[in-house]
Amino acid sequence: MTTHTIPRTMTAWRQHAYGPADVVRAETVPVPTPGRREVLLRVAAASLNSGDIHLMRGEPRVVRLFFGIRRPRTRGRGMDVAGTVVALGADVDGLAVGDLVVGAGSETLAEFVVMKADRLTTLPAGLDPVVAATLPVAGNTAVTILDACRVGQGSKVLLVGAGGGVGTLTAALAVERGADVWATCGSRAEQVLRDLGVAHTVDYRTHDVATLPAGAFDAVVDIAGEPPLEVLRDRLREGGTVALVGGHGHPFWGPFPRIIRALLLSRRARRFRSVTAVTKTPVTAELVRMAAAGVLRPVIERTFPLSDAGAAIAHVDAGHTVGKVVVVAD
Ligand SMILES: NC(=O)c1ccc[n+]([C@@H]2O[C@H](COP(=O)([O-])OP(=O)(O)OC[C@H]3O[C@@H](n4cnc5c(N)ncnc54)[C@H](OP(=O)(O)O)[C@@H]3O)[C@@H](O)[C@H]2O)c1
């Protein structure tokens with residue numbers, strides 16, 4: 001193993017029980033050692049995602065079947081990361097100590113994190129790691145949504161619940177593909193979305209989705225998970241797709257009852273698709289390239305220092321973010 005100067009211990013934000021934001025606390029733990037095809041990163045920035053909140057709370061309950069029945073098996077939170085390679089495990093090709101990289105893994109809310117080398121993309125010169133750290137999970141989700149709905153030049157797209165990290169990136173990428181984008185969001189996000197090129201914004205607290213044009217959209221993207229499925233389906237043109245992406249869903253089963261109902265309501269000409277995003281390194285690389293070229297400008301609502309990551313988690317847990325929240329190294 002090739003190493004840099006690395007301390008023995010570090011600060012990491014970890015939890016030993018499911019619960020609200022205050023279960024995640026700063027701990028002093030050993031700096032991990034990279035194994036085969038892994039590297040150790042000094043974390044520069046880690047963005048937060050709704051997935052961190054689901055894992056923190058163990059909600060919906062069904063996630064506990066996969067991530068730990070009584071407490072999360074993986075104690076550290078954080079998935080997205082941008083940072084500097086400071087040590088290489090065995091059999092790592094294409095990365096060197098000192099490289100600035102970005103990718104998705106786990107336990108990234110820490111001073112150092114071990115990452116699989118093939119999950120990382122090198123940052124182009126000049127791209128701020130804080131910006132890069134917003135891209136892996138939410139950016140891959142946005143690309144998966146737009147591909148599932150075949151959004152391209154001239155598509156008319158309605159994003160329902162577009163104010164958060166997934167929504168703002170989906171909006172920006174849909175506009176970049178040449179789509180005519182409409183969005184529902186909270187009032188604080190309306191100008192932000194219009195600045196991204198969204199043609200029409202609607203405050204969800206004062207306007208029902210049912211008041212938007214019927215039979216008008218090639219794609220309806222349900223990020224909020226609240227409007228009735230029939231209302232979403234009726235916004236579609238013939239041949240259109242409703243993408244089911246987010247929302248709280250059932251306390252135990254989460255989105256599954258809504259997905260099953262949606263499948264029953266699907267019509268050949270107006271169908272539902274459930275979206276499950278997987279983070280792919282080539283997609284992240286393309287998003288990073290777009291951000292470096294200034295074609296994609298992720299919305300960053302706030303940054304928090306690592307020493308105050310608990311406040312960042314509480315902020316995202318409250319559910320009112322506009323764009324992304326990023327934790328940066330102290
Ligand atoms: N399927 C997948 O693979 C996948 C991947 C990633 C995320 N997700 C899901 O996608 C959803 C979005 O996640 P996120 O992290 O981007 O954002 P988020 O934190 O869930 O979104 C917060 C934003 O949504 C707005 N909002 C809340 N309810 C709304 C409604 N009924 N209509 C319109 N806007 C509403 C809020 O506005 P106010 O503050 O004004 O209320 C706030 O700006 C989550 O449910 C997450 O679990 C799914």
Side-chain angles (χ1 to χ4, degrees), residues 21 47-60 62-63 77-80 104 134-149 158-173 182-193 196 198 200-212 220-229 231-232 235 242-251 254-256 258-259 262 272-280 283 298-302 312-326:
S47 88
L48 291 172
N49 291 286
S50 297
D52 292 308
I53 304 304
H54 292 304
L55 287 176
M56 175 185 86
R57 288 183 167 270
E59 291 173 357
V62 69
V63 305
R77 292 282 63 81
M79 299 187 277
D80 286 327
T134 64
L135 295 173
V137 172
N140 273 267
T141 305
V143 170
T144 308
I145 292 166
L146 297 177
D147 289 349
C149 298
L158 172 61
L159 306 179
V160 178
V166 170
T168 50
L169 279 162
T170 307
L173 289 166
W182 293 40
T184 76
C185 58
S187 57
R188 293 176 310 126
E190 286 194 82
Q191 189 58 48
V192 169
L193 286 161
L196 292 174
V198 172
H200 291 269
T201 59
V202 168
D203 178 350
Y204 77 96
R205 290 193 175 83
T206 54
H207 285 79
D208 205 302
V209 177
T211 63
L212 295 173
V220 173
V221 180
D222 181 24
I223 303 168
E226 281 179 15
L229 293 168
V231 168
L232 298 176
R235 302 309 106 203
V242 176
L244 300 177
V245 179
H248 291 294
H250 185 274
F256 296 117
R258 188 167 163 90
I259 290 169
F272 288 86
R273 286 201 55 178
S274 167
V275 170
T276 305
V278 177
T279 306
K280 296 180 181 161
V283 173
V299 175
I300 298 175
E301 183 188 25
R302 277 180 79 174
I313 295 167
H315 182 67
V316 176
D317 187 28
H320 299 299
T321 55
V322 175
K324 296 286 295 178
V325 169
V326 186

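Both counts, for ligands and for their atoms, begin at 1 and track the order of listing.
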Which residues share a salt bridge (Lys or Arg N to Asp or Glu O under 4.0 Å) with Asp203, sequence neighbours left out: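 Once residues adjacent in sequence are excluded, Asp203 has no partner under the salt bridge (Lys or Arg N to Asp or Glu O under 4.0 Å) criterion.
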
Backbone N/O of [Y] and side chain of [X]: donor-acceptor pair under 3.5 Å:
X      : Y      : result
Asp52  : Arg77  : no
Arg188 : His320 : yes
Thr168 : Gly163 : no
Lys324 : Glu301 : no

Step-by-step side-chain contact (heavy atoms from CB on, under 4.5 Å) determination, Thr134 to Val299: CA-CA 9 Å; Thr134 64; Val299 175; over 6 Å; no

Near ligand 1, at a heavy-atom separation below 4.0 Å: residues by chain and residue number: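 Lining ligand 1 at under 4.0 Å, by heavy atoms, one finds Ser50, His54, Thr141, Gly161, Gly163, Gly164, Gly165, Val166, Thr184, Cys185, Gly186, Arg188, Tyr204, Arg205, Ile223, Ala224, Glu226, Val245, Gly246, Gly247, Val275, Thr276, Ala277, Gly319, His320, Thr321.
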
